[in-house]
Amino acid sequence: MQQHKQQQIQTTADYRNMAPPNLCGLWQIVKCGQPSAADCSCGKKYGIEGTTFQLSDTGDVSWKPSEGAKANPILNCDTYEIYNPSHHSAVIQFGAHIGHVIEFKMEGFEPPFDHMTLRNDLWCCLQCKRIPAEELEPLLDASFSLLPALEDGYFSDISIPAISGKQFPVHSCILSLSLPDVDWSQTNTPLSGLPEDVLCAILHYLYAECLPDNLNEKCARQIITLMSEIQSPSLSKLINMCELYLKHMSLSKEIIDLTEDIHACGNQIIEHFSGTKTSSSQGLDSLKSNPSKLCYVLKQCIRECAVGLGKYAVLCHLITARKKELTPGEQIEIIQYAKSRLPVFLKQVHQLMKAVKSNFHGMTSMQRFDIATYVVPQIESVLDIVSAIALDVKTAMEAIINDKCPNVQPLHPPHKSTHCSDDVLSTTLNAILNLKEMSKLRRFHQWMTYSLAWLLQRRENFNDMSSVNKVRSVARNLDQIMEELPVFLLRVQDVDDKLDWREFKFIFKIAASKTSGWIDVMLSHKELLQDVFDQISNLVQREEFTKSLVTLGLIDSSQNACSSQYPENTESINMFAGQAASSECGQTEGKLNLLQSVCTSPSAQKSYISKQMLPLLSSGQGCDMVFEVISTKDVESNGDQPTDTDSHNSSTEPKHEVHILKAHRVIVAARCDWFRRALLSGMRETIDRKILVHDTNPALFSVFLEYLYSGCINIKALSVDQLADLMMLSDRYEVDTLKQVCEYVLKGHVDSESVLYFLSLADQFNAKTLKEECLTFASHNPGIMDHDLFEELPQHLQSEVYDLIIWVKPSIAEPPEPSEPRVKFSSPDLSCSSSLEDLEDLMANIRTGTTQANRSISDSLEELPLAQDSSRLERCLADLYDIVGDDAPRHELAQIAMAADYDVNRAANFYFEQKKQS
């Protein structure tokens, strides 16, 4: 029983923070009902039905509310974690809404893992179904940009001068799409005379609908000022993007500065304890031999800790407040930056512990007695101050609880509602979260009550002691701290190794949300806590700490004036410390990029330019090139119907039909590298501004051209044959994105009738995804080798299919006869008494072996299972090793075995004859 319990605990620990393998993906809430309902069916609609949520393998969750859904706290959760992910008792936690974690039991998550029920006993029951992943969506969601045309400047018809005189070649057809309300035909070109960096950034936006990566803050402000004067509706998005850029730049700088300030506080503490500020004559014995200096150092360190905690609170509140303005990728950037700083922080803690240990190692009993004697009056004063502050906090907590209790809404679960409202779930969940918040406040108040009672008792006991006993008590506590310090050092070293990315991200989001939640509670009851924060600010006496409280809004800005009353006491520091030395903890410059949303071109489906492309193509306005699509039809050479008498004179000959499609050189070249090279080659295509297109039909090439212009394609309107032809066009003209789209669609049409055709097609056009799908299908359907088309496949494809089948289906004994002659050595079998002439013939076969045999020998061992007749080769090699021993080189034996057509006797005879001759 005990062993089973230990195994269960270990299994839970192993699966913690791990989702079931099939849980990640897109889910939709289809039903919502009572918590006690078995199937979530209640006949009511709560407004959350139809909401979808995406669970990623990195622990992120994103919600897409259904149309008309009311705001719900669960939609603010952006992370999740799975505990005990068995199919019957898994628990999923969504976090973090103002520090709260919303927990559900997962039920019904069984094969085929396309349905599950989430049950919260206090709130509701949600029945969810999996939405099949759309593989095409990421392919069709690629960024749409015409930036290559701006960077290279080819086929430009307008030049815009900057104030420095530099000319920027641009294209009127593209600028007219981006800024339709600007006349680009006027003599004095619009945007002329702007600063060079400003003009470059504006043109980058007009071609790519995003800002350049190298944009600086000054340039962004100039763009806002200059574009506001033009008052063009088309430029409002650019202005908004620059404003967002500045906000993200400011946020990035604030996060980096706050993080570096926290590290700076740690460095100050390390410097105080490490003795780097003391003179070499004093050594490391200065603190333990100078109690007054030790007390001063402790006070300074406590102040630095308070400053660091204030910076941390500001950081958490800032990240939580600005979270909705950031994309998921930018939020991950912040967490990655925080994770990168964790080793630096742990190194600082380790250095501090080592410094403390070094300072107090080998402290004599007389030194401990001197320190304890000096510290006793300080401890009495600290106990009085802490007791007073704790009493004020307890009183304020009681007032907060009494103030919040009337505002808590009564709990009405959905099944007890007298009416059905769209926001009943939101109201109920808010009530539950309010009750949880009240419960936390009560627990905190209870803890404060016990802690205060314990503190007052300890203070009373300490005050009742004699002076000698007080000194002895402090000395014992000092010894205990020194004994526990090595253990704490070992724990610090293991923290970073045991904390993986997924767990760190969940903890970071929960911690930031809870910290921000507590700050919001304190802000809502600022009047009750004002005296407490004033006392703490006066005790810390640090301007940075007071500024943090002002930033959080916990004290009024007018209180910041009193910070000038808090001198840093640099004279005392210099008196005790001497000259400062640099910290051993290397501070690397932080890198944080929060500009993803404004420096990345939108997808074709979201691009404004993309939506204007097809009307431009159909209108033909500004077209400066043509595509000649040449299609072929087989028609009779004479116009009359053939008769019996002259049928022998009738013949057919191909008839060519030419279709003209107009286009814009700059757009075609910017979207397709093959066309760009053709139009800039200086050859006939460049001179005639014409590209000939063969082996396709005009309708299909029009679809291809529309994709180049818009980046979008209606896949459902195309047949399988059209998709195959479109993949051929994409491969010919190197449009990889469209080729991948065609591959993924054709994957869904692979069956026993089409697999061989698609396999040949995929091999011809190097469509790796489609080829893998065809080979996988073929490996589980060996009957396809009996199909007539199998004999028409290239030799290497036949071999691949056969070898895959014999690995998956070993019962198949012999390969099919290839359509092309295999490498076959027809020498007669050799017995142990074979003649020397036969051996010489065998050697000649080896020397004159075909290229295919030589290539097979040079292949790596990993490729052998897919080589021709690999199973026969392996069996032959195994038998040869039994005869000749393990010292023979494998590549030599493989060459001999293949030359002997895998006959063991012939190969062995040749091997020994070769050894005899050498």
Side-chain angles (χ1 to χ4, degrees), residues 136-156 168-180 191 197-216 219-220 223-224 227 232 234-249 325-333 593-617 664 666-673 675-676 705-713 730 734-741:
L136 285 178
E137 186 172 348
L139 297 176
L140 295 175
D141 206 34
S143 298
F144 185 87
S145 170
L146 299 174
L147 203 56
L150 176 66
E151 294 173 345
D152 297 336
Y154 44 70
F155 311 133
S156 64
F168 287 84
V170 293
H171 312 83
S172 59
C173 62
I174 297 177
L175 295 179
S176 298
L177 296 179
S178 303
L179 295 177
L191 303 180
D197 55 346
V198 173
L199 182 56
C200 184
I202 295 175
L203 292 177
H204 186 285
Y205 167 78
L206 296 179
Y207 278 74
E209 294 185 82
C210 66
L211 300 178
D213 295 333
N214 58 352
L215 185 68
N216 55 52
C219 182
I223 292 175
I224 295 175
M227 295 302 100
S232 171
S234 304
L235 293 173
S236 58
K237 184 179 178 181
L238 173 60
I239 297 174
N240 295 336
M241 195 172 289
C242 289
E243 292 175 347
L244 184 61
Y245 178 91
L246 293 175
K247 290 179 67 175
H248 286 186
M249 284 279 290
E325 302 176 5
L326 303 173
T327 63
E330 291 165 349
Q331 295 181 32
I332 291 178
E333 282 282 344
N593 181 19
L594 299 181
L595 306 175
Q596 176 186 357
S597 59
V598 293
C599 293
T600 303
S601 299
S603 63
Q605 299 176 352
K606 300 178 181 178
S607 171
Y608 173 79
I609 298 179
S610 171
K611 293 181 174 61
Q612 309 302 316
M613 280 293 189
L614 290 183
L616 176 66
L617 176 63
H664 303 78
V666 58
I667 296 176
V668 169
R671 296 284 293 158
C672 178
D673 290 340
F675 289 149
R676 175 180 56 81
L705 195 59
E706 289 175 359
Y707 176 81
L708 289 184
Y709 268 71
S710 65
C712 301
I713 185 172
S730 305
E734 303 174 8
V735 184
D736 293 335
T737 54
L738 182 57
K739 179 181 175 182
Q740 292 174 3
V741 170

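The structure presented is a predicted model; accordingly, all values stated were derived computationally and were not measured.
Distance check, rounded to the nearest 0.5 Å: CD1 of Ile239 to OH of Tyr205 gives 9.5 Å.
In this structure, Asn593 contributes its side chain and Leu595 its backbone to a donor-acceptor pair below 3.5 Å. A distance-only check finds a donor-acceptor pair linking the side chain of Ser610 to the backbone of Ser710 [under 3.5 Å]. The backbone N or O of Cys210 lies less than 3.5 Å from a partner atom in the side chain of His204, making a donor-acceptor pair. Using a distance-only test at 3.5 Å, with no hydrogens or angles considered, no donor-acceptor pair links the side chain of Ser607 to the main chain of Ser603. The backbone N or O of Cys242 sits nowhere less than 3.5 Å from a side-chain atom of Lys247 that would complete a donor-acceptor pair. In terms of modelled atom types and a separation under 3.5 Å, the side chain of Glu330 and the main chain of Ser597 share a donor-acceptor contact. Side-chain atoms of Ser178 come within 3.5 Å of backbone N or O of Leu206 as a donor-acceptor pair.
Judged as a salt bridge (charged side-chain N to carboxylate O under 4.0 Å, His left out), the pairs with a partner in residues 202-212 (not counting sequence neighbours) are, in order, Glu209-Lys237.
Ile202 places a side-chain heavy atom less than 4.5 Å from the side chain of Met227.
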Applying side-chain contact (heavy atoms from CB on, under 4.5 Å) to Arg671 and Leu146, what does each step give before you reach the verdict?
CA-CA 7 Å; Arg671 296 284 293 158; Leu146 299 174; 3.9 Å; yes

From CA spacing to verdict: side-chain contact (heavy atoms from CB on, under 4.5 Å), Ile667, Leu616
CA-CA 11 Å; Ile667 296 176; Leu616 176 66; 3.8 Å; yes

Run Asp673 and Arg676 through salt bridge (charged side-chain N to carboxylate O under 4.0 Å, His left out) and show every step you take.
CA-CA 5 Å; Asp673 290 340; Arg676 175 180 56 81; 3.8 Å; yes

Go through Ile609 and Met613 one step at a time and tell me if the side-chain contact (heavy atoms from CB on, under 4.5 Å) criterion holds.
CA-CA 6 Å; Ile609 298 179; Met613 280 293 189; 3.8 Å; yes

Given the rule in the side-chain contact (heavy atoms from CB on, under 4.5 Å) test, do Tyr207 and Leu175 qualify, once you have shown the distances and angles that lead to the verdict?
CA-CA 8 Å; Tyr207 278 74; Leu175 295 179; 4.0 Å; yes

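Between Ser601 and Ala208, the shortest heavy-atom distance links the atoms OG-O, 3.0 Å. Of all heavy-atom pairs between Leu191 and Leu199, the closest is O-CD1, 3.8 Å. Among all heavy-atom pairs drawn from Leu246 and Ala220, the shortest one is CD2-CB, 3.8 Å. When all heavy atoms of Ala149 and Val666 are compared, the closest pair comes out as CB-CG2, 3.4 Å. Nearest approach of Cys599 to Tyr245, heavy atoms of both residues: SG-CE1, 4.3 Å. Leu326 and Gln331 get closest at one heavy-atom pair: O-NE2, 3.4 Å.
A donor and an acceptor atom, one from each side chain of Tyr707 and Thr737, are located under 3.5 Å apart.
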